[in-house]
Number of protein chains: 2
Amino acid sequence: METTAETQRTRATPATEQVLGAALNLFTEQGYFNTSIPDIVKASSVSTGSIYHHFRDKEGIARSLYATLVERMESKFSEIEAAHATAHDRCRAVIALLFDLTEQEPAVMRFMLFSRHREFIPDQKPVCSSRPFVQMREMVAVGMKGGEVREMTPIVAASAVFGGALRLIQLRLDGVLDTPLPEYLDEIWQCAWRSVAV
Amino acid sequence: METTAETQRTRATPATEQVLGAALNLFTEQGYFNTSIPDIVKASSVSTGSIYHHFRDKEGIARSLYATLVERMESKFSEIEAAHATAHDRCRAVIALLFDLTEQEPAVMRFMLFSRHREFIPDQKPVCSSRPFVQMREMVAVGMKGGEVREMTPIVAASAVFGGALRLIQLRLDGVLDTPLPEYLDEIWQCAWRSVAV
DNA sequence: GTCTATATCAGGATAGAC
DNA sequence: GTCTATCCTGATATAGAC
């Protein structure tokens, strides 16, 4: 995978992958500020010197991580847009994907959805403004234009469609829910679609 | 207001109120870890010594703040339960309250809903497990028992009812939405209720 | 590119006068 | 109860050998 100029992402090497993996786990388990460089050294088996050779500073690790994960999400959503034609099918597929991801890589979801990025990456836009979230809102907006979704304020419709699912994800990640989310997919999707269908 | 044993809350004095107010603003604007004691000293016009006289440590300030705000929310919700008889009216009133609060005291909502408390108050349960959230879920559960709400997994129903509104609150607090939330109350409520009504 | 050892400093917490 | 001055830990980041 190529380094892009805009995201200033570090080239993928075994060492950087180790560091990013360890950082993802530590940041989501303990929080960014409770994670020290020595913590990352221990968890990644990469020395302080090497870490600072690959990343400008601790913040750089977080930036790199965030950029990588946002990009992954973006391309997943683009695949969904390509694979499905209707707003109904696209939105359902997005929720199914997010539910699966929550079960298989909870740390990724935790970092993407529930970290306060602005607190440790100062010039970062809020996640809600990031491309993947825009894509989600567009899916709903397109559905409204096409007559699948009732006429209403677009962002309200998008919140109605995805709000319930995102809430379940938070409950699951916070340990309030013991059941794997995919079991609830049909139920929550029925609610979501009823709420905005014509 | 009395100090309760369990919450170990500090007695309310002018000085403590100053500190808590300043801390609320700073914690929500910059984050807990980006806020130093000297920052709180400046913003509250209370000296370091006085702060440590009233609070055990920095964490103690956060604990006190959290306990106070959770309690406020709890009693608001109890008032709503008393004032309305049906799940429909109760849940709508809760959303209306949260929307108003978001406009009038955004810092309070930010701190309650979107701070990662566990990162700075180690033994804290996630917000979703706190009394007010339990109250919200109970309102929906009662509605299901009473036949107002369709039969389904209770927590899924609750997520469907409140998920959209909570999503809008987040978008508003993150600056994605320029319109005051109360303008969207009818629209989102219609979605929420449609999603679970029998 | 990787490592160890270390410089530097911010900020949480305290001492002790008033 | 309030204040100022100060201590001291712990974490970031660097130097410089290999």
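Atom set for the values below is all heavy atoms of this structure, side chains included, hydrogens, waters and symmetry mates excluded. First the proteins, then the strands, lettered A, B, ... as listed; each starts at 1.
Rounded to whole angstrom, the span from the CD1 atom of B:Ile61 across to the C1' atom of C:dG11 amounts to 13 Å. If you measure from atom CD1 of A:Ile51 to atom P of C:dC3, you get 9 Å, rounded to the nearest angstrom. B:Phe55 has its CZ atom 15 Å from the P atom of C:dT14, to the nearest Å. Protein atom NE2 of A:His54 is 17 Å distant from nucleotide atom P of D:dA13, rounded to whole Å. Rounded to whole Å, atom P of C:dG12 lies 12 Å from atom CZ of A:Phe33. With rounding to whole Å, B:Lys42 atom NZ is found 16 Å from D:dC3 atom P. Atom CG in A:Asp39 sits about 13 Å away from atom C1' in D:dT12, given to the nearest Å. Between A:Ile37 atom CD1 and C:dT4 atom P the separation is 15 Å, expressed in whole Å.
Side-chain nitrogen and oxygen atoms of A:Tyr52 include at least one within less than 4.0 Å of the OP1 or OP2 phosphate oxygen of D:dA13. Between A:Ser50 and the phosphate of C:dC3, there is a side-chain N or O to OP1/OP2 separation shorter than 4.0 Å.
In summary, B:Asp100 and B:Lys76 do not engage in a salt bridge, as defined by a charged side-chain N under 4.0 Å from a carboxylate O. The residues A:Glu103 and A:Arg172 are annotated as salt-bridged, a charged nitrogen and a carboxylate oxygen being separated by less than 4.0 angstrom.
Cation-pi geometry between A:Lys58 and A:Tyr32 is satisfied (NZ or CZ under 6.0 Å from the ring centre, within 45° of the ring normal).
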Checklist entry - Does the pair B:Gln170 and B:Arg110 meet the rule for a side-chain contact (heavy atoms from CB on, under 4.5 Å), with working shown? => result CA-CA 8 Å; B:Gln170 175 147 23; B:Arg110 235 185 271 273; over 6 Å; no

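Nearer to the 5' terminus of DNA chain D, by closest-nucleotide assignment, is the contact made by A:Ser36 (compared with the other of A:Gly49 and A:Ser36).
For A:Lys58, whose side chain is taken as the heavy atoms from C-beta onward, the closest listed nucleotide among D:dT12, C:dG12, C:dT2 is D:dT12. Distance from the side chain of B:Ser47 is smallest for D:dC3 among the nucleotides C:dT4, D:dT12, D:dC3. Listed nucleotides: C:dG1, D:dT2, C:dG12. Nearest to the side chain of A:His53: C:dG1. Distance from the side chain of A:Asp57 is smallest to D:dA13 among D:dA13, C:dT2, C:dT14. Here D:dT4 is the nucleotide among C:dT4, D:dT4, D:dC3 with the atom lying nearest to any side-chain atom of B:Thr48.
A donor-acceptor contact shorter than 3.5 Å is absent between the side chain of A:Asp39 and the backbone of A:Thr35.
In this structure, B:Thr16 reaches neither bases nor backbone, as no heavy-atom distance under 4.0 Å exists between it and the strands shown.
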